[in-house]
Amino acid sequence: MSAVTSREEPGIYHKAGSLHGERRWAMWSAYISLILASIIFLAPPVYMFITSLKTSAEVANPVGSPWLVREPTLDNYIDLLTDPTFLGFFWNSTKITICVVVLTMVISTLAAFALARMRFWGSQALATGVFLTYLVPETLLFIPLYQIVGGLGLLNSAWGLVLVYPTLTVPFCTWIMIGYFASIPKELDEAALIDGANWMQMLTKIFIPVAMPGIIAATIFAFTVSWAAFVYPTAFVTTPDQMPLTIGVVSTLVRADTFVWGKIMAGALLAATPPVIVYAFLMDYYIAGLTAGATKG
Amino acid sequence: MAADGSMVVPETGDSSGKVGSLRRFTRRRSTIAFLMTTPLLIVIGGLVAYPAMYAIYLSTLNRRMTQNIGLGNFEILLDTETFWMVIWQSCIFAVTAVLAKALIGFWLAHKLHDIPTKGQRKWRGMLLVPWVIPPALSTLGWWWMFDPSYSSINYLLNIFAVPSVPWLGEANWARVSVIMVNVWYGAPFFMIMYLAALKSVPEQLYEAAAIDGATGVQRLRYVTLPMMRNIISITVLFSLIVTFANYDIVRVLTNGGPRDLTHVFATYAFQVGILSGNVPRGAAVSLFMFPLLAIFAFFVLRGVTKRTKEEQ
């Protein structure tokens with residue numbers, strides 16, 4: 001873009017001035033749009049945070065702006081963090097997420113390696129199948145899965161969720177791992193073959209280290225998806241002791257006779273913290289994982 | 001088929017003994033590959049394909065699951081007014097929300113692309129926040145902002161002398177609210193996808209267009225859009241599927257109310273199949289999504305593969 005402006009500057013075209021003005025106008029409109037969008041995009045979480053600092057009395061007091069806190073208090077957070085039920089939700093979510101992430105990464109790395117490098121009968125069709133499976137929404141499957149999980153006696157159990165969550169994570173993770181593995185130059189594996197490496201060594205010594213950014217992106221994806229999963233736990237889990245955070249916050253905190261808004265908001269924010277922290281520290285990997293699905297398609 | 005393995009042969013296969021061991025290696029390769037993909041096959045077969053088939057079987061049973069009633073469930077559903085409402089509601093919801101998300105995302109991606117690269121990271125980080133928070137939880141925040149007696153949005157509207165809006169109390173407003181929350185949640189995703197696409201358009205194309213005297217609109221029409229066609233269609237496809245099958249936002253915000261008027265396929269299937277215990281009919285409701293999504297996915301993916309082939 002700078003090349004264009006510098007070419008115009010000598011004054012051969014008197015358009016140069018208007019081009020400058022055009023750029024300035026573009027900047028203004030860009031910043032105005034971005035500021036407006038940021039305000040709208042960030043307002044709900046900010047308002048949740050404001051509410052979470054209020055006592056029930058202050059929430060119920062209709063005088064003054066609801067967007068201000070007069071007597072900030074951390075009571076809502078302290079209440080939740082000392083509540084064994086809430087900590088139980090946290091523990092369930094952690095347990096389920098760790099199991100699902102490990103399962104997903106093992107399954108999808110192995111499969112993606114085989115599909116990207118070891119062409120075999122039906123590998124092409126299977127790769128397409130993986131992509132199509134990713135397109136099947138979970139709300140299409142939860143009723144038959146309810147029957148299947150029930151048949152296995154895993155209804156109302158965190159292990160039932162560990163069993164079904166891979167349907168959400170495995171297809172997409174395999175798909176983006178195929179993309180990452182396929183982008184590794186063939187010379188690398190030829191060199192490894194000449195050095196006498198077997199397939200397993202090739203995967204662990206070459207592919208996994210080289211495709212590390214892809215593996216991190218896929219892990220983040222699996223983590224956020226299983227942390228945020230909502231349909232399956234809502235359908236399969238009914239007692240608080242087995243609930244993960246999402247449904248725990250939505251059902252038990254809300255079910256009370258009078259809504260303790262401050263506490264509900266504090267619970268929702270606490271539950272959202274782990275994905276937000278991961279995002280804050282690994283934003284580039286997060287975005288890479290997000291965009292990989294489409295750009296590699 | 002053995003293209004991968006045989007590529008190695010010219011380099012190492014000088015003596016015939018090595019070729020033999022290589023051949024054995026290749027033969028073993030397919031078994032290893034099969035073992036490596038087995039877990040994936042189990043997940044796809046056991047947890048996606050089998051349940052999908054099972055759903056079709058389930059939908060042909062009667063309520064107690066003792067008798068096969070063929071298409072009875074579908075007939076009953078199509079006779080009820082509520083279900084037709086669900087079909088319309090789902091379609092209108094998905095189309096409006098995806099359109100709004102696509103336009104807002106496109107606009108923001110462009111604006112983000114316009115500002116100096118240094119500042120982009122910071123803005124991008126902030127604008128992606130709605131996408132990062134689990135939707136079930138952020139929707140709780142919206143629910144509280146829509147609360148009839150303490151609505152903070154109405155408070156802001158009242159400052160500008162706009163009368164309070166019955167966000168979740170009145171059917172049409174409730175529909176608007178659901179769409180608003182969905183757009184808020186999904187627009188950042190479109191923005192990020194478009195931004196990635198915009199960055200992949202070679203700068204020379206714009207320079208060439210500028211030399212040819214193309215205006216901003218013409219650059220958008222003849223350079224940017226054709227280069228982004230595939231990403232736009234894939235993103236719209238993903239988003240349309242997810243939005244069409246959305247559950248959490250409707251469940252938390254309205255739970256189908258008022259008077260079952262905001263149900264979409266997923267929430268209605270949940271209510272019929274799991275809360276009222278009529279599993280077969282619930283399966284029938286969610287199966288209705290399938291043909292609609294399949295037709296759409298077919299056309300989008302066909303377009304994408306055709307364009308990819310043309311480019312090569």
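The chains referred to below are lettered A, B, ... by the order of the sequence lines, with proteins before strands, and numbering in each begins at 1. Atom set for the values below is all heavy atoms of this structure, side chains included, hydrogens, waters and symmetry mates excluded.
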Side chain from CB out, backbone as N, CA, C, O: work out which of these in B/L41 comes under 4.5 Å of a heavy atom of chain A, or both, or neither.
side chain

Ranking A/M27, A/E138, A/Q147 by heavy-atom pairs under 4.5 Å to chain B gives rank one to A/Q147

The interface call for B/M65 against chain A, heavy-atom contacts under 4.5 Å, is side chain

Less than 4.5 Å apart, any side-chain heavy atom of B/L127 and any of A/S38?
yes

Between B/W144, B/W142, B/W143, which is the residue that forms a side-chain contact (heavy atoms from CB on, under 4.5 Å) with A/P44?
B/W142

Please work out which of the three classes, parallel, tilted or perpendicular, describes the rings of B/F238 and A/F131, given edges at 30° and 60°.
tilted

For B/L293, is it the side chain, the backbone, both or neither that has a heavy atom under 4.5 Å from a heavy atom of chain A?
side chain

Below 3.5 Å, can you tabulate the donor-acceptor pairs from side chains in residues 244-253 of chain B to any protein atom, sequence neighbours excluded?
residue : atom : partner : partner atom : Å
B/N246  : OD1  : B/I249  : N            : 3.4

Select, from A/T234, A/V225, A/T174, A/L132, the one with the greatest count of heavy-atom pairs under 4.5 Å involving chain B.
A/T234

Look only at the side chain of A/Y279 and the backbone of B/G125, and say whether a donor-acceptor pair between them is shorter than 3.5 Å.
yes

B/L275 versus chain A, heavy atoms under 4.5 Å apart: side chain, backbone, both or neither?
neither

Sequence neighbours excluded and cut-off under 3.5 Å, please list the side-chain donor-acceptor pairs for residues 29-36 of chain A, or say none.
residue : atom : partner : partner atom : Å
A/S29   : OG   : A/A26   : O            : 3.4
A/S29   : OG   : B/K111  : NZ           : 2.8
A/S33   : OG   : A/S29   : O            : 2.7
A/S33   : OG   : B/W107  : NE1          : 3.2

What part of A/A60 gets within 4.5 angstrom of chain B, counting heavy atoms only: side chain, backbone, both, or neither?
both

